[in-house]
Amino acid sequence: MKAAYISQTGAPEVINFGDLPNPKPTRRQCLIQVGAVDVNPIDLYVRSGAVPAKLAFPFILGRDLAGTIKEVGAGVKGFKVGDRVWATNQGTEGRPGTFAELAAVDYRWLQLTPANARDEDMAALSLVAITAHIGLVHYGNVKAGEVLFVNGGSGGVGSSVVQIAKILGARVITTAGSDQKAALCRELGADLVLNYKTEDVDAAIRGFAPNGVNVWWESLREPNFERTIPLLATRGRMLVMAGRDARPVFPVGPFYVKECSLHGFAMFNASARDQRSAANAVNRWVSEGKLKARIDRVLPLSQSAEAHRLQEQSTLQKTGLLAGKIVLKP
Ligand SMILES: NC(=O)c1ccc[n+]([C@@H]2O[C@H](COP(=O)([O-])OP(=O)(O)OC[C@H]3O[C@@H](n4cnc5c(N)ncnc54)[C@H](OP(=O)(O)O)[C@@H]3O)[C@@H](O)[C@H]2O)c1
């Protein structure tokens, strides 16, 4: 099969596209004919070596996939040949990566694809929608009528956070770095969209939510707590989920007197079981047409190195050239 893989960590140029042996599904695995995968910032950190990971070379990149089951192991329950499925959290903890024509995935990580969704949609939604669900439901405990803030509402995580927070009944504030992206955020349902390059974001948040923000989803890799904690409501919850190297000042006074709480989380810690309950909700919302993938572009899998370059420029070098996910098709 063709696959995008690395034999050492480094710049995007270390990505090879070529032939590797077809995987053989074990008892609990299904063999998937991969229809689509996508790029996440974590892929960049693993490929570059920025995040130390135990990698068996040749290492196939990628966390997410969507496709069709070709074979099922004898111990697989609930899935059959021909089922359309999606998965995230692969390519870690000894599970093989997804950037290939074929992938063998333990059935406990598989989710059925809703009939109205394309493989591209589910690949693009998988990691970010599960992240948004875990953060909003499990840690943020967002309730109807509460105010939620998230930066970058047209981005990978941001676009899922905006939509799922709206589904949960929150009043959603988000930001964008251009007027075109601001329009995308409005299409996704955000109530207040601010251009963070041209508008006074803090003043607009205070105007919209005079009692403060109930749930602040901090997605920036350099959080500024001196700025954001004063914007929280009494008993506000703040979520942090990015910025491994960030060491910001933390203003304790304004935080404790309002009885706020801070939750850090990483979706890759969720077990297959935790993910299944989040995935069930994601599938339901996709089926109902309430949750949609935000895809910037679709490329052939042979252009994985170029996809990594683009994602790196957009997310890490902050050119903002992408509005959503890069999807790749084998
Ligand atoms: N902990 C977890 O479980 C988890 C899961 C997924 C991702 N992550 C992390 O979350 C971060 C975001 O991932 P992603 O996939 O959403 O990346 P992304 O698609 O590149 O989105 C980044 C967003 O940040 C916005 N942004 C950049 N600079 C900004 C600024 N100064 N002010 C306001 N907004 C700004 C961008 O808005 P514009 O494009 O409009 O400029 C963009 O929408 C990454 O660091 C990733 O590693 C963590």
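We count ligands from 1, going down the list as the structure has it; atoms in each ligand are counted the same way. All residue numbers refer to positions in the sequence shown, counting from 1.
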Which residue pairs satisfy the ring-ring contact (aromatic ring centres under 6.0 Å, His included) criterion with at least one member in residues 145-175, sequence neighbours excluded?
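Sorted pair list: Phe149-Trp216.
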With sequence neighbours left out, which residue pairs that include part of residues 273-324 fulfil the ring-ring contact (aromatic ring centres under 6.0 Å, His included) condition?
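Output for this query lists His133-Trp285.
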Under the salt bridge (Lys or Arg N to Asp or Glu O under 4.0 Å) rule, collect the residues that match up with Arg309, sequence neighbours excluded.
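Scan of Arg309 (salt bridge (Lys or Arg N to Asp or Glu O under 4.0 Å), adjacent residues dropped) gives Glu13, Glu306.
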For atom CZ of Phe57, decide whether the heavy atoms of other residues, nucleotides or ligands shown that lie under 6.0 angstrom number more than 12.
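Counting neighbours around CZ of Phe57, more than 12 heavy atoms of other residues, nucleotides or ligands fall under 6.0 Å, so yes.
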Can you pull every nitrogen or oxygen pair between ligand 1 and the protein closer than 3.5 angstrom?
residue	atom	partner	partner atom	Å
ligand 1	1 (N)	Met241	O	2.9
ligand 1	1 (N)	Phe265	O	3.0
ligand 1	3 (O)	Met267	N	2.6
ligand 1	16 (O)	Gly156	N	3.4
ligand 1	16 (O)	Val157	N	2.8
ligand 1	19 (O)	Gly156	N	2.8
ligand 1	20 (O)	Thr315	OG1	2.6
ligand 1	39 (O)	Lys181	NZ	2.6
ligand 1	40 (O)	Gly177	N	2.8
ligand 1	41 (O)	Tyr196	OH	2.6
ligand 1	43 (O)	Gly152	O	3.3
ligand 1	43 (O)	Gly155	N	3.4
ligand 1	45 (O)	Tyr45	OH	3.2
ligand 1	47 (O)	Tyr45	OH	2.8

Should Lys325 and Asp38 count as an ion pair when the cut-off is N to O under 4.0 Å?
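Salt bridge: yes.
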Salt bridge Glu120-Lys329, side-chain N to carboxylate O under 4.0 Å
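Here Glu120 pairs with Lys329 in a salt bridge, since their nearest N and O are under 4.0 Å apart.
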